[in-house]
There are 2 protein chains.
Amino acid sequence: MTVPTAGRRERKKAATRQNIADTALRLFLERGYDEVGIRDVAAEADVAVTTVFSHFTSKEALVFSQDENFEHGLARAVTARPPNEPLIPALRREIHAMVRHCTAESAAPLWRMIDSSPALRQYEESMHLRHAEALAAAIAADLALPAPTTACRTLARFTVDAYALAREADDPAAAVDEIFHMIEAAWTTTAAARP
Amino acid sequence: MTVPTAGRRERKKAATRQNIADTALRLFLERGYDEVGIRDVAAEADVAVTTVFSHFTSKEALVFSQDENFEHGLARAVTARPPNEPLIPALRREIHAMVRHCTAESAAPLWRMIDSSPALRQYEESMHLRHAEALAAAIAADLALPAPTTACRTLARFTVDAYALAREADDPAAAVDEIFHMIEAAWTTTAAARP
DNA sequence: ACCGTAACACTAACGGTTAGCTTAAAAAAT
DNA sequence: ATTTTTTAAGCTAACCGTTAGTGTTACGGT
């Protein structure tokens with residue numbers, strides 16, 4: 001076993017959380033996000049309303065429960081990349097993977113739901129900004145800077161922009177390449193790009 | 001008179017709206033955004049709660065009622081710029097003006113309030129995205145394109161990023177210049193930049 | 001075996017938001 | 001000038017996401 005007996009309590013907690021998330025996502029996809037209330041989710045998952053909010057900070061968070069795993073994926077793409085690989089290509093690879101992942105056939109209904117709900121779109125945007133801040137910190141660390149500079153923060157935001165823009169483009173993969181071509185040009189003109 | 005007698009009804013409506021916005025902003029700054037409810041605002045402005053929501057789509061919109069004027073300021077910076085002036089410098093000028101405007105001494109308490117409220121920050125972000133979409137359309141029109149391309153949308157987003165990033169920087173004006181140096185490099189590498 | 005604590009339940013409420021209906025004043029039509 | 005139509009604004013009552021307060025149960029370390 002790779003997992004060192006995570007304790008029954010933690011396993012039960014994880015199971016409850018998973019049950020809630022699965023139930024919520026199923027109901028949302030069946031009836032539509034706005035047509036399903038938190039009380040419906042709680043009843044169907046056979047838990048109390050307060051239990052839902054002890055596992056998820058908001059209704060929208062129920063939809064993005066899986067993507068929280070990728071929360072630090074971008075930062076890890078910087079810190080854990082092959083040695084000697086330049087920064088920008090590493091970021092481009094990661095964005096490519098993320099775009100491919102969320103434009104997959106199986107995820108289509110989910111993203112259609114997200115795109116049609118202003119509340120969910122807004123939640124996703126603010127997630128992206130959090131990711132950008134984490135990424136800026138990782139980039140600064142990679143350059144051995146004491147704190148993120150304006151250039152680091154800018155690169156981070158441009159990178160998450162690439163994800164958001166490519167997702168909406170007709171040809172997502174081509175869009176990633178096109179936008180990263182622009183990012184590369186922007187980055188190479190900064191002093192931070194040269195050691 | 002330059003105003004062609006806007007009709008008593010419309011004048012009263014505008015007055016009511018202004019009254020609500022002024023009262024709300026005053027209460028928010030006096031007691032704090034979270035400590036003031038919509039019912040408080042309505043009572044103090046001497047209107048019904050439903051009247052507040054017939055003028056403003058949400059509580060957060062009460063805070064940004066003035067900035068709605070600048071909603072299309074960015075797009076106008078493109079469409080109404082001096083002839084023969086290149087695109088990027090025109091955008092940089094506008095962002096400079098916007099940053100100067102919202103980092104002014106008189107606006108400090110307002111922005112402190114906004115920065116300390118997650119709800120208001122999120123609302124501002126989604127405003128920015130709306131602005132970016134409008135700007136992308138204006139850029140495409142300026143280039144005589146039938147529809148916004150990926151490059152247009154990218155430039156638009158980078159531009160609103162410049163605003164957001166510069167606002168938080170130690171030296172906002174310098175940050176605008178630094179980021180626009182990067183944007184210029186990104187834009188000149190795209191095919192769209194050359195006629 | 002014991003106790004501390006973490007997970008969950010229940011009730012009730014708070015605050016933003018909306019629906020449905022009524023009133024009254026302004027604008028348009030007669 | 002009177003009638004008719006429009007529309008801003010009001011009131012009530014609720015919906016829905018979210019939180020506070022308070023128990024209760026069952027796991028985990030000692």
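A quick note: this is a predicted structure, and the numbers were derived from the prediction, not measured. Letters A, B, ... are given to chains in the order of the sequence lines, protein chains preceding strands, and every chain is numbered from 1.
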Please report, rounded to the nearest Å, how far the [atom2] atom of [N] is from the [atom1] atom of [X].
| X | N | atom1 | atom2 | answer |
| --- | --- | --- | --- | --- |
| B:Arg11 | D:dA9 | CZ | C1' | 18 Å |
| B:Arg17 | D:dA8 | CZ | P | 13 Å |
| B:Arg39 | D:dG10 | CZ | C1' | 15 Å |
| A:Asp40 | D:dT18 | CG | P | 14 Å |
| A:Gln122 | C:dG16 | CD | P | 16 Å |
| A:Leu62 | D:dT18 | CG | C1' | 13 Å |
| A:Phe28 | D:dC16 | CZ | P | 13 Å |
| B:Lys59 | D:dT18 | NZ | C1' | 14 Å |

Does a nitrogen or oxygen in the side chain of B:Thr16 sit under 4.0 Å from OP1 or OP2 of D:dA8?
no
For C:dA7, take OP1 and OP2 only and decide whether either is under 4.0 Å from a side-chain N or O of A:His55.
no
For a quick test of reading the model, state the closest non-hydrogen atom pair linking A:Ser65 to A:Phe56 and the distance between them.
CB-CE2, 3.7 Å
Of all the heavy-atom pairs spanning B:Glu85 and B:Pro89, show the shortest one and how long it is.
OE2-C, 4.2 Å
Find out whether the Lys NZ or Arg CZ of B:Lys59 is both under 6.0 angstrom from the six-membered ring centre of B:Tyr33 and within 45° of the ring's axis.
yes
Among D:dG10, D:dA9, C:dA9, which nucleotide sits nearest the side chain of B:Ala48?
D:dG10
Rounded distance (nearest 0.5 Å) linking atom CG of B:Leu25 with atom CD of B:Glu30
10.5 Å
Have a look at [X] and say if it touches a base, only the backbone sugar-phosphate, or nothing, with a 4.0 Å heavy-atom cut-off.
| X | answer |
| --- | --- |
| B:Asp34 | nothing |
| A:Ser58 | sugar-phosphate |
| B:Val36 | sugar-phosphate |

Going by the angle between their ring planes, with limits at 30° and 60°, are B:His128 and B:Tyr163 parallel, tilted or perpendicular?
perpendicular
For A:Glu168 and A:Arg121, what are the C-alpha separation, side-chain angles and deciding distance, and is it a salt bridge (Lys or Arg N to Asp or Glu O under 4.0 Å)?
CA-CA 12 Å; A:Glu168 298 174 348; A:Arg121 292 187 70 103; 3.0 Å; yes
Walk along nucleotides 18-27 of chain C from 5' to 3' and tag each nucleotide B, S or - by protein heavy-atom contact under 4.0 Å, base first, then sugar-phosphate.
BB-----BBS
